[in-house]
J.: 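Shown below is the structure under consideration.
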Amino acid sequence: MGADVESLASRAPKKHTEGKIKINAKRHSRHLFSNTMSRYYFLFSILALCFVLGLVIVFIGKTALLLFGNVSLAEFFFSFNWTPEEGSFGAAAFIINTLSLTALTLVIAVPISVGMAVLCAEIAPKWLTGFIRPVLDLLVGIPSIVYGYLGLTVLLPFLRRVSGEGLGDGVLAAALVLALMVLPTICRISDDAIVAVPRKYRDAAYALGSTRLQVIMRVVLPAASRGIISAVILGMTRAIGETMAVVMVIGNTPQLAKSLFTPTSVLTSNIVMQISNVEFDSDWNYALHMMAFLLLLISFALILIIRVLGRKRRDAQ
Amino acid sequence: MKVFKKFTVTALTAVLAVTTAFAGVASAADTLKGKITINGSTALLPLTLQAAKEFQKLHPKVKIAASGKGSVTGPQAVKKGIADIGACDWDASIDVPGFKAFDGQVANKVAVIPFATIVNKNVGVDNLTTEQLQGIFSGKITNWKDVGGSNADIVVITRSFGSGTRVNYQAKALAGGDIVKKEKNYKETGSSGDMKTAVATTPNSIGYIDLVYVSGGDIKAVKFNGIEATTDNVINGSYKIWAYGYYMTKGQPTGATKEFIEYVQSKKFQNGSLKKLKFIPISAMKG
Amino acid sequence: MNGFTRTRHSARAQRRNRLATIGFYTLGALVLLLIFWLLFTILSKGLPSLRPEFLIRQPEEIDPGGGIGPVLFNSFYILLISLVISIPIGIGGGIYMAEYAPDNKFTAALRICVESLSSVPSIVFGLLGLAIFAEYFGIGLTILGGGVSLAMLNLPMLARVTEEAVRAVPGEIREAGYALGMTKSYVIRKVVLPVAMPAIVTGVCLVAGRAFGESAVIILTAGLSTSGEMWDFNLFSPGETLAVHLWYVQSEAIVEDARQIADKSAAVLVFVVLMINFMFRFPLWLGNRRKGR
């Protein structure tokens with residue numbers, strides 16, 4: 001449809017100019033030229049993007065796949081025994097921990113972020129919105145090591161006091177820190193999505209006598225769902241990939257997180273902790289790259305699931 | 001691809017030439033030039049950075065780029081040709097537990113690094129023997145009352161496998177004993193700073209660190225087999241938990257790299273800045 | 001309300017509405033409180049003892065009183081390089097995905113790939129940068145390497161945010177443009193982009209803020225040292241940034257005032273990100289005001 005319009009638009013003026021002033025023709029050809037050029041430019045950008053994408057995937061994948069020369073697929077994916085110094089490369093615990101940490105983070109972060117987005121876009125008066133938005137953006141700017149340090153010095157002692165644990169490190173501490181870190185991402189992008197919902201939808205709903213809550217829940221949020229889902233995805237991928245802060249509060253012990261306070265380790269934290277201490281040409285290094293590759297696959301799968309679910313819901317409506 | 005690489009390298013060198021032409025105002029009578037890249041152990045970084053700063057003052061045409069990620073990164077980067085000097089907390093030209101020797105590399109001693117066992121300030125114990133430490137880090141001893149303290153669970157904080165500090169601590173303090181992960185009360189940290197903060201903020205915790213970092217009231221160093229962790233005790237040979245820090249090079253160092261290593265090993269630097277950084281000069285050790 | 005009869009149903013809806021409004025405000029207040037507490041903890045430790053000379057002095061290893069001069073400069077320099085590379089390509093790619101790309105499986109797969117890329121830990125981008133610049137080109141640890149690697153890290157996020165922003169522009173605005181005989185690129189430039197701009201700027205701010213605080217990539221590609229000069233524009237100098245310096249003083253530095261330097265650096269970092277946001281947004285806000293929106 002877009003292409004049809006384009007060809008129509010570019011063809012129409014040509015005919016128009018035939019019998020008319022020359023200057024006009026020049027201008028049109030210039031417009032057509034710039035049209036083609038910018039088309040090439042956009043094409044170039046996307047190719048550059050694909051190139052970077054390919055580069056990363058090839059770079060990680062190439063090293064990662066070397067692992068399976070010496071370690072079986074089954075061991076890597078299903079064994080819980082990660083003692084690389086003795087040749088055991090079971091990553092199952094990390095995979096499960098990553099999934100549960102991400103889930104816990106989203107359970108905490110999404111309601112709060114979307115709530116804040118609704119507050120900004122629909123409820124709060126203009127001055128308050130203009131105040132909240134930049135403040136939220138500030139959260140993004142706090143470097144992850146600062147989050148980690150605060151987690152280590154403020155959050156962990158607090159959790160220790162509340163839970164009576166000796167250490168306090170674990171999935172809960174990591175999820176709380178991560179939730180705070182992804183909050184602005186999810187909130188700001190959902191906020192933009194909600195603002196982009198055309199005014200008339202709301203007006204129509206109000207005209208039918210809906211309360212504001214009903215308008216928000218039944219009209220605005222569904223209409224903005226595409227953008228909100230993107231926001232959640234961006235937040236989620238950041239949560240899956242975040243390292244520097246997680247490393248400080250999760251305990252870095254390669255075992256399954258049996259409780260919220262078991263010191264444990266996820267894919268990212270394990271990569272970061274160990275990658276600087278392994279030899280380049282060792283199975284251990286390959287295994288860590290495989291874990292990075294796995295992160296890509298996991299987020300690919302999660303995004304796919306979220307998108308399919310989102311589409312189903314939209315279709316159902 | 002080759003052509004492309006060649007082209008890019010040429011282009012980059014051209015840019016480099018132009019930019020250095022602009023920057024090259026500070027010309028001294030000094031002839032030594034070149035670029036030294038140093039990578040590896042983070043424990044040696046403060047020393048490397050200080051030395052680089054002083055060396056660049058003497059030889060303004062030498063550019064030194066330093067970075068650190070982990071001990072084994074040092075010799076590896078040298079092997080791959082990414083770095084001229086690989087800082088490492090152990091002698092990487094011979095086998096050590098967990099790591100094979102890097103063939104063809106020369107280990108240049110640059111400093112003596114003492115380590116200390118540290119505990120949170122709330123721990124009442126102030127002396128631990130080799131056996132007790134082995135018991136604690138292998139998970140056999142889990143309560144402070146078993147080593148003469150109050151009745152509280154021991155929280156073990158350690159560095160990740162492959163950390164230079166851990167390699168040396170295991171070899172010297174635990175006499176080769178294992179550090180075993182536990183279900184609870186066990187945590188690995190990624191750097192000396194994290195270790196210090198973790199022990200300082202976690203009651204009943206025990207860890208280990210370069211002696212340099214032992215300061216402030218929240219952590220305290222415990223005696224090892226009855227001997228206090230001080231530089232004097234290292235020098236007189238009674239305190240055993242220490243190790244040499246090395247600069248690994250591919251073959252014997254040459255040119256600017258050689259000059260730099262010699263500067264670090266010189267009396268002026270060893271007895272001056274190196275001492276101020278609380279490392280111990282290599283000349284102080286007998287053998 | 002006035003003309004309607006209140007049913008029990010509508011009364012309940014009204015009550016719920018009021019409760020929800022209170023709920024949303026409470027949530028907002030709590031989150032704001034949390035953020036302010038956080039900012040207060042960071043800034044109150046750093047700002048009161050912050051002196052201007054801290055911002056221009058060289059870092060020290062032995063004596064207390066070291067500054068962050070060159071690293072602060074490098075931070076801006078590397079951020080600038082990375083944005084100069086990533087903004088045109090990221091926004092261009094985003095526009096392509098939203099406006100030109102055929103709506104098929106391949107595009108969908110590409111989109112998901114781009115998204116999953118943001119979950120690759122940044123240290124992997126650092127390793128990639130190390131492999132490209134230090135190993136392949138053999139130029140060692142440089143500002144250039146750091147900037148380009150950082151740009152690669154930024155690209156996916158920028159492209160996705162732009163795509164979403166462009167897609168959110170209502171179709172009828174575009175059609176109005178075409179109906180006037182505009183070419184496609186003209187419509188994108190003059191109609192679509194201006195409407196999508198606030199959202200794109202949000203994205204750029206998010207990305208810039210994140211890049212400014214990024215450390216893992218820089219440690220591996222630009223190093224942990226500076227050339228020792230304050231205004232070193234040489235692309236091939238080692239380029240420690242403020243975030244990296246913060247990591248360093250927090251993790252390994254021996255100087256006795258390391259803690260204070262870390263606190264002050266963190267405060268400066270947060271402050272700079274605030275300024276970046278302000279700088280990007282201010283023209284936009286002015287523009288909106290002029291249009292009387």
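Quick caveat, the model's predicted, so the values are computed rather than measured. Reminder, nothing fancy here: chain letters follow the sequence lines and each chain counts from 1.
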J.: Does any heavy atom of chain C fall under 4.5 Å from the side chain of A/Leu302, the backbone, both, or neither of them?
T.: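 The answer is neither part of A/Leu302.
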J.: Say you draw a straight line from CD1 of A/Ile233 to CZ of C/Arg111; how long is it, rounded to the nearest 0.5 Å?
T.: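 With rounding to 0.5 Å, CD1 (A/Ile233) is 10.0 Å from CZ (C/Arg111).
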J.: If every non-hydrogen atom of A/Ile112 is compared with every non-hydrogen atom of C/Leu27, which pair is closest and at what distance?
T.: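 The pair with the smallest heavy-atom distance is O-CD2, 3.7 Å.
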J.: Side chain, backbone, both or neither: which part of A/Met181 has a non-hydrogen atom closer than 4.5 Å to chain C?
T.: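 Contact with chain C is absent: no heavy atom of A/Met181 under 4.5 Å.
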J.: Using 4.0 Å as the upper bound for N to carboxylate O, is an ion pair formed by A/Lys200 and C/Glu172?
T.: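 Yes, this pair counts.
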J.: What residue, out of C/Val31, C/Val161, C/Val270, C/Val124, has the most heavy-atom pairs lying under 4.5 Å from chain A?
T.: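 Looking at each of C/Val31, C/Val161, C/Val270, C/Val124 in turn, C/Val31 comes out on top.
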J.: What are the two closest non-hydrogen atoms of C/Gly92 and A/Tyr41, and how far apart are they?
T.: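 Heavy atoms of C/Gly92 and A/Tyr41 come nearest at CA-CE2, 4.2 Å.
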J.: Can you tell me which portion of A/Thr243 sits under 4.5 Å from chain C's heavy atoms? Options are side chain, backbone, both or neither.
T.: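 The side chain, not the backbone.
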J.: Can you tell which part of A/Ile60 gets under 4.5 Å to a heavy atom of chain C, answering side chain, backbone, both or neither?
T.: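 Side chain only.
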J.: Can you tell which part of C/Cys205 gets under 4.5 Å to a heavy atom of chain A, answering side chain, backbone, both or neither?
T.: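 Nothing of C/Cys205, per the 4.5 Å heavy-atom cut-off to chain A.
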J.: Any idea which of C/Gly209, C/Gly213, C/Ser116 has the most non-hydrogen atom pairs under 4.5 angstrom with chain A?
T.: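 Option with the top pair count is C/Ser116.
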J.: Would you compute the distance between atom CE of A/Met244 and atom CD1 of C/Ile123 and round it to the nearest 0.5 angstrom?
T.: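 Those atoms lie 7.0 Å apart.
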J.: Are the side chains of A/Phe300 and C/Cys113 in contact, using a 4.5 Å heavy-atom criterion?
T.: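 With C-beta onward as the side chain, the pair touches.
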J.: Report the option among C/Ile276, C/Leu220, C/Val187, C/Leu269 that has the most heavy-atom pairs separated by less than 4.5 Å from atoms of chain A.
T.: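 Option with the top pair count is C/Leu269.
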J.: Please state whether the side chain, the backbone, both or neither of C/Ile95 comes within less than 4.5 Å of a heavy atom of chain A.
T.: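 Just the side chain, heavy atoms under 4.5 Å.
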J.: Look up atom CD1 in C/Ile188 and atom CZ in A/Arg39, then write down how far apart they are to the nearest 0.5 Å.
T.: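 CZ of A/Arg39 is found 9.5 Å from CD1 of C/Ile188.
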J.: Please report the closest heavy-atom contact between A/Ala124 and C/Tyr25, naming both atoms and the distance.
T.: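 Heavy atoms of A/Ala124 and C/Tyr25 come nearest at CA-OH, 3.5 Å.
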J.: Minimum heavy-atom separation for A/Leu213 to C/Ala20, with atom names?
T.: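 Smallest heavy-atom distance, with atoms named: CD1-CB, 3.4 Å.
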J.: Measuring from C/Arg189:CZ to A/Asn35:CG, what's the distance to the nearest 0.5 Å?
T.: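 It is 9.0 Å, given to the nearest 0.5 Å.
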J.: Of the backbone (N, CA, C, O) and the side chain (C-beta and beyond), which part of A/Leu295 lies under 4.5 Å from a heavy atom of chain C, both, or neither?
T.: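 Looking at A/Leu295, backbone and side chain both touch chain C.
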J.: Pick from C/Leu127, C/Thr41, C/Val272: which one has the most heavy-atom pairs with chain A under 4.5 Å?
T.: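 Result: the option with the highest number of such pairs is C/Leu127.
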J.: What pair of heavy atoms forms the shortest contact from A/Gly115 to C/Phe24, and how long is it?
T.: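 Closest heavy-atom pair between A/Gly115 and C/Phe24: O-CD2, 3.5 Å.
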J.: Name the region of A/Val56, side chain, backbone, both or neither, that has any atom closer than 4.5 Å to a heavy atom of chain C.
T.: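 Both parts, backbone and side chain.
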J.: So which residue, C/Arg174, C/Arg210, C/Arg160, ends up with the most heavy-atom pairs under 4.5 Å with chain A?
T.: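 Among the listed options, the one with the most contacts to chain A is C/Arg210.
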J.: Quick check on A/Leu304 against chain C: is it the side chain, the backbone, both or neither that has a heavy atom closer than 4.5 Å?
T.: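 When you check distances to chain C, atoms from both the backbone and side chain of A/Leu304 fall under 4.5 Å.
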J.: Considering only heavy atoms, which portion of C/Leu19 lies under 4.5 Å from any heavy atom of chain A: side chain, backbone, both, or neither?
T.: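 For C/Leu19, neither part sits under 4.5 Å from chain A.
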J.: Given the ring of A/Tyr149, does C/Arg259 sit roughly above its face, with NZ or CZ under 6.0 Å from the centre of the six-membered ring and within 45° of the axis?
T.: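 Relative to the ring axis of A/Tyr149, which defines the angle, C/Arg259 lies inside both limits.
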J.: By a 4.5 Å heavy-atom criterion (distance strictly below it), what part of C/Pro88 contacts chain A: side chain, backbone, both, or neither?
T.: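 Both parts, heavy atoms under 4.5 Å.
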J.: When rounded to the nearest 0.5 angstrom, what is the spacing between CZ in A/Phe42 and CD1 in C/Ile89?
T.: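 Result: 13.0 Å between the selected atoms.
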J.: Step by step, would you call C/Arg16 with A/Gln214 a side-chain contact (heavy atoms from CB on, under 4.5 Å)?
T.: CA-CA 9 Å; C/Arg16 276 199 191 150; A/Gln214 286 165 335; over 6 Å; no
J.: So which of C/Ala13, C/Ala216, C/Ala266 has the largest heavy-atom pair count under 4.5 angstrom toward chain A?
T.: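 Ranked by contacts with chain A, first place is C/Ala13.
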J.: Distance only, no hydrogens: is a donor on one side chain within 3.5 Å (strictly under) of an acceptor on the other, for A/Thr237 and C/Glu115?
T.: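 Their side chains do not contain a donor-acceptor pair, so the 3.5 Å distance test is not met.
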J.: What part of A/Val195 gets within 4.5 angstrom of chain C, counting heavy atoms only: side chain, backbone, both, or neither?
T.: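 No part of it gets close to chain C.
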J.: With a 4.5 angstrom heavy-atom cut-off, which part of C/Leu30 approaches chain A: side chain, backbone, both or neither?
T.: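 It is neither, since no heavy atom gets under 4.5 Å.
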J.: Is chain C contacted by the side chain of A/Leu183, its backbone, both, or neither, given a heavy-atom distance below 4.5 Å?
T.: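 It is the side chain, since no backbone atom gets that close.
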J.: Quick check on C/Gln250 against chain A: is it the side chain, the backbone, both or neither that has a heavy atom closer than 4.5 Å?
T.: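 Looking at C/Gln250, just its side chain touches chain A.
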J.: If every non-hydrogen atom of C/Ala159 is compared with every non-hydrogen atom of A/Leu49, which pair is closest and at what distance?
T.: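 Answer, listing the atom of C/Ala159 first, then A/Leu49: CB-CD2, 3.8 Å.
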